[in-house]
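Here's the structure, in structure tokens; my notes come after.
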Amino acid sequence: MSNTQTFTDLYAEVQHFYAKQVQLLDSRAFDEYAATYTEDAEFQHSPGVPPAVTRTAILAELHRFHERFEADPVQRRHWFNGFVLEPQEDGSVRSTFYALIVHVRPGVREPEIGPSCVVHDVLVWSDGVLLTRSRRVDHDHAA
Amino acid sequence: MSNTQTFTDLYAEVQHFYAKQVQLLDSRAFDEYAATYTEDAEFQHSPGVPPAVTRTAILAELHRFHERFEADPVQRRHWFNGFVLEPQEDGSVRSTFYALIVHVRPGVREPEIGPSCVVHDVLVWSDGVLLTRSRRVDHDHAA
Amino acid sequence: MSNTQTFTDLYAEVQHFYAKQVQLLDSRAFDEYAATYTEDAEFQHSPGVPPAVTRTAILAELHRFHERFEADPVQRRHWFNGFVLEPQEDGSVRSTFYALIVHVRPGVREPEIGPSCVVHDVLVWSDGVLLTRSRRVDHDHAA
């Protein structure tokens with residue numbers, strides 16, 4: 001938590017941060033999405049896939065992961081909800097929340113929804129900007 | 001953004017505004033719902049349907065749209081999530097967020113969910129009250 | 001609403017309260033979950049089940065309700081959304097919001113979602129801590 005911030009300010013800032021982050025991801029603005037992580041960030045988004053470490057590796061992992069969608073015109077929407085925030089003594093904030101991924105295909109009104117996940121983030125401030133320093137995504141069906 | 005408001009205040013006010021707006025819509029309190037729009041508002045909620053302009057036209061469009069449910073005892077629930085807010089120089093606020101519409105039918109525990117949408121609003125203050133000046137709803141399956 | 005609190009502070013506190021409350025419920029930390037209710041709380045979560053009154057009775061009802069899952073390795077996730085808050089003259093806050101329950105089973109990527117509910121809570125402060133004094137859950141498919 002930044003030095004002068006109240007919990008209320010933190011809560012609004014974190015909610016807005018995630019809203020912007022998922023819109024970048026779902027519009028496949030991968031460079032801008034990767035820029036919401038610290039340079040040394042650790043990112044583990046799928047069970048069985050080793051974590052990507054550094055922003056460059058996260059970007060590479062995003063491109064690798066999305067190759068599966070090259071022949072599949074799916075629009076993904078990440079829904080994040082229910083943020084529990086625990087400010088730490090070092091100024092970082094642990095953030096634990098629920099995620100559902102919505103998959104929409106052209107002409108199909110009812111989306112496919114899943115997986116259901118719990119996301120464990122550590123957020124930090126860098127020059128006044130909130131960034132994700134680490135993310136671990138636990139998939140409920142793979143627990 | 002009103003003159004004296006912080007971003008944190010704005011974020012809470014906008015979230016609360018939408019929570020009240022969807023409860024009015026889903027309970028079919030159409031007059032009260034239409035009153036959450038400015039008198040000159042523009043409202044485009046479905047692909048292929050021309051926008052309704054003015055509060056009176058929005059109200060008429062709501063009644064027209066809901067005729068399909070007269071013989072269908074569905075309870076709709078609008079879920080709005082992930083608000084990205086961009087305060088503008090003219091005091092209005094651009095608001096971009098995700099929506100899912102949940103349809104529940106009597107005796108059926110598992111709802112039908114869809115469509116998945118991205119909503120593009122412009123919000124303004126009128127006599128201290130937040131209102132929607134324009135809404136464009138993009139349906140993901142019709143993109 | 002506590003005496004010195006703004007609506008913005010209240011809104012963030014209530015969102016965070018519910019985020020923590022559902023994580024306790026979904027991880028089956030029933031003692032900690034029951035502790036988010038007042039000692040004299042009233043809790044009606046299912047149509048046709050009489051309300052549990054007092055924290056002790058709520059805890060007993062939670063254990064009774066979850067017996068059905070002993071042979072069913074389901075991970076439940078409660079999604080709460082769209083909080084409408086009405087501070088009352090006695091310092092309590094009426095809170096009305098939407099809920100969807102997500103059920104995930106091992107190895108099954110797409111969760112079962114439902115029922116869709118509207119939750120009617122009364123929240124109070126006790127020694128500076130926010131607690132639920134009453135909850136009534138209306139299930140949309142049973143309306």
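In the text below, chain A, chain B and the rest are named by the order of the sequence lines, each starting its count at 1.
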Are there more than 12 heavy atoms of other residues, nucleotides or ligands under 6.0 Å from atom CZ of A:Arg64? yes

Under 4.5 Å heavy-atom distance to chain B, tell me which part of A:Tyr18 shows up: side chain, backbone, both or neither. neither

Give, for atom CD of A:Gln15 and atom CG of B:Asn81, the distance between the pair rounded to the nearest 0.5 Å. 9.5 Å

Hits for salt bridge (Lys or Arg N to Asp or Glu O under 4.0 Å) against A:Arg28, two or more places apart or cross-chain, chain-then-number order -> none

What I'd like to find out is whether the side chain of A:Glu13 reaches to under 4.5 Å of the side chain of B:Tyr11, using heavy atoms alone. no

With a strict 4.5 Å heavy-atom criterion, list every residue of residues 100-119 of chain A that contacts chain B, or say none. A:Val102, A:Val104, A:Arg105, A:Pro106, A:Gly107, A:Val108, A:Arg109, A:Glu110, A:Pro111, A:Ile113

Atom CG of B:Asp140 and atom CZ of A:Arg76: how far apart are they, to the nearest 0.5 Å? 13.0 Å

Approximate separation, where rounding is to 0.5 Å, of B:Leu85 CG and A:Lys20 NZ: 9.5 Å

Contact class of B:Tyr98 relative to chain A, heavy atoms under 4.5 angstrom: both

Please test A:His16 against B:Phe83 for ring pair (Phe, Tyr, Trp, His ring centres under 6.0 Å), starting from the C-alpha separation and ending with a verdict. CA-CA 7 Å; A:His16 199 224; B:Phe83 305 102; 9.9 Å; no

Once you round to the nearest 0.5 Å, how far does OG1 of B:Thr8 lie from CD of A:Gln5? 7.0 Å

Check B:Val84 against A:Gln23 and note the closest heavy-atom contact, atom names and distance. CG2-NE2, 3.3 Å

